[in-house]
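Input: a single structure, listed below in structure tokens.
We're numbering straight along the sequence, starting at 1. Here the structure is a predicted model, which is why all the values come from computation and not from measurement.
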Amino acid sequence: MNLNSIPAFQDNYIWVLNDETGRCLIVDPGEAAPVLAAIAENGWQPEAILLTHHHNDHVGGVSDLHRHYPNLMVYGPEETRNKGTTKIVADGDRIRVLDQEFHVFATPGHTLGHICFYSAPWLFCGDTLFSGGCGRLFEGTPAQMYRSLQRINTLPEETLVCCAHEYTLSNMKFALSVLPHDLFINEYYREVKELRAKNQITLPTTLKKERQINLFLRTDNIDLINEINKETKLLQSEERFAWLRSKKDNF
């Protein structure tokens, strides 16, 4: 299987998995035009679309793609029912696409009905986990997002995290503002800065890397706890997560 990223809008990525015959699945097509162009260029035959949540920059291209490929299966959570989804999926479901079994699990926080699709080694996590960060809480609570990230964090370290936005550089600037002397964060910031200077993609990342550099997965890290304690005493990991998310919202 080959993993491909298609840039969309200002900083979105639409992910495509294809097999050696050209059959493919498309993840979160916010717009159809770049996907149709890639299909034509590569000779792909689309079989399915996976949707993680209902925001338009993730679902806006579904209807156009369906017009071109009427037999496309579109899998998505309940909140995408009116966005072109043909098969509603929920936490604990398993679907089979391109001879791959995908596990569906709920990750509320960014939206209440957000889901992720996992088939080792690929994790399509929409706007839940980003490299160096996590999604804004438009509908859910900090506690929900914290638990969603903890659930993702149980996956193997070699998991390829295929998130939907190129936010890595800004996320690492935030991480440096909190832990300016952290070696992992400094090293990754330099790598990311160099990639973005060449307009190169920073994704997918690995869960192993995120455990090193993503503050939102490091709420039990002693250095981070000590830094937070300079401002406020927070005893619970969820509280520290909420503090970080609020800090990032205003960064």
Side-chain angles (χ1 to χ4, degrees), residues 1-9 11-19 22-39 41-42 44-66 68-69 71-81 83-91 93-107 110-111 113-131 135 148 152 155 159-168 201-207:
M1 298 288 284
N2 300 307
L3 179 69
N4 312 270
S5 62
I6 301 174
F9 304 114
D11 51 37
N12 281 68
Y13 291 123
I14 300 166
W15 295 99
V16 176
L17 267 182
N18 73 279
D19 66 14
R23 296 185 306 153
C24 74
L25 66 85
I26 304 155
V27 184
D28 284 352
E31 57 179 340
V35 179
L36 291 169
I39 289 170
E41 180 180 348
N42 293 284
W44 291 332
Q45 300 99 44
E47 292 198 356
I49 293 174
L50 309 182
L51 301 177
T52 61
H53 64 293
H54 67 84
H55 286 163
N56 195 58
D57 64 323
H58 293 252
V59 303
V62 172
S63 59
D64 279 350
L65 288 169
H66 231 164
H68 284 81
Y69 301 97
N71 295 325
L72 270 180
M73 286 292 294
V74 183
Y75 300 91
E78 177 63 38
E79 65 179 37
T80 65
R81 179 177 291 275
K83 305 293 185 178
T85 296
T86 60
K87 175 66 175 177
I88 300 296
V89 291
D91 187 60
D93 286 346
R94 299 185 181 194
I95 61 173
R96 194 156 192 87
V97 185
L98 303 185
D99 301 321
Q100 296 283 138
E101 184 175 70
F102 286 84
H103 298 245
V104 179
F105 58 98
T107 51
H110 182 67
T111 66
H114 200 296
I115 61 173
C116 292
F117 295 88
Y118 173 68
S119 180
W122 306 286
L123 172 70
F124 297 109
C125 56
D127 288 355
T128 297
L129 177 66
F130 296 125
S131 186
S148 293
I152 288 174
L155 296 174
T159 297
L160 294 177
V161 180
C162 304
C163 36
H165 290 274
E166 183 59 75
Y167 290 162
T168 314
I201 187 172
T202 65
L203 301 170
T205 180
T206 64
L207 201 51

Is there side-chain contact between [X] and [Y], with heavy atoms separated by less than 4.5 Å?
X      : Y      : answer
Trp122 : Trp15  : no
Asp93  : Phe117 : no
Ile95  : Leu50  : yes
Leu25  : Tyr75  : no
Val161 : Ser131 : no
Leu123 : Cys163 : no
Cys162 : Val27  : no
Arg94  : Arg96  : no

Polar side-chain atom of [X] near backbone of [Y] as donor-acceptor pair, under 3.5 Å:
X      : Y     : value
Glu31  : Phe9  : yes
Glu166 : Tyr13 : no
Asn12  : Asp57 : yes
Asn4   : Val16 : yes

Can a donor-acceptor pair be found between the side chains of Thr107 and His114 at a distance below 3.5 Å?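 Judged by distance alone, the side chains do pair up.
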Determine the minimum heavy-atom distance between [X] and [Y], stating which atoms define it.
X      : Y      : value
Glu47  : Leu72  : C-CD2, 3.3 Å
Thr85  : Lys87  : CG2-O, 3.3 Å
His58  : Leu51  : O-CD2, 3.7 Å
Gly126 : Phe130 : O-CE2, 3.8 Å
Thr111 : His54  : CG2-NE2, 3.9 Å
Val97  : Ala48  : CG1-CB, 3.6 Å

Can you tell me how far the [atom1] atom of [X] sits from the [atom2] atom of [Y], to the nearest 0.5 Å?
X      : Y      : atom1 : atom2 : result
His53  : Ile115 : NE2   : CD1   : 11.0 Å
Thr52  : His110 : OG1   : NE2   : 8.0 Å
His165 : Asp28  : NE2   : CG    : 8.5 Å
Leu203 : Leu160 : CG    : CG    : 10.5 Å
Asn2   : Leu17  : CG    : CG    : 8.5 Å
Leu207 : Ile152 : CG    : CD1   : 8.0 Å

Would Val74 and Lys83 count as a side chain to side chain contact (heavy atoms under 4.5 Å, CB included) here? Give the steps. CA-CA 10 Å; Val74 183; Lys83 305 293 185 178; over 6 Å; no
